[in-house]
Amino acid sequence: RYDEVESSFLINGQGEASLDLFVGASYFPPGDSYRVTVDDMTTEIVEEDGMLSVPLKLGGPVEVLIEKSEDVSHVSF
């Protein structure tokens, strides 16, 4: 699911990976931070030059939830 408020992805694999998303001004305001939850671990990541890069260490399937920080009222799966 991908919309202008939050996006979720189910990713499966092994080893280090990166989820790279173009979040340019038409999707999110530039320079904003995003709350990124990978399974049960949450962190803040700031977009850079219209790109949001989420580092992943995969050991099977994981759910990645990305929310604009100012719109976050809860985290759910």
Provide the closest heavy-atom pair for [X] versus [Y] in the form atom of the first, atom of the second, distance.
X	Y	answer
D39	P61	OD2-O, 4.3 Å
A17	L58	CB-CD1, 3.9 Å
P55	I45	CD-CD1, 4.1 Å
L56	V64	CD2-CG2, 4.0 Å
S33	S69	O-OG, 3.0 Å

Would you call R35 and E44 a salt bridge, using N to O less than 4.0 angstrom?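 Salt bridge flag = yes for E44 with R35.
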Could you walk me through whether L19 and I66 pass side-chain contact (heavy atoms from CB on, under 4.5 Å), step by step? CA-CA 11 Å; L19 173 62; I66 300 171; 4.3 Å; yes
For Q14, what residues pass the side chain to side chain contact (heavy atoms under 4.5 Å, CB included) criterion, not counting sequence neighbours?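 Side chain to side chain contact (heavy atoms under 4.5 Å, CB included) check on Q14 returns nothing, list empty.
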Are any non-hydrogen side-chain atoms of L21 and F9 less than 4.5 angstrom apart? yes
More than 12 heavy atoms from other groups under 6.0 Å of CG on D49: no
Give, for atom OH of Y34 and atom CD of E67, the distance between the pair rounded to the nearest 0.5 Å.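 Result: 12.5 Å between the selected atoms.
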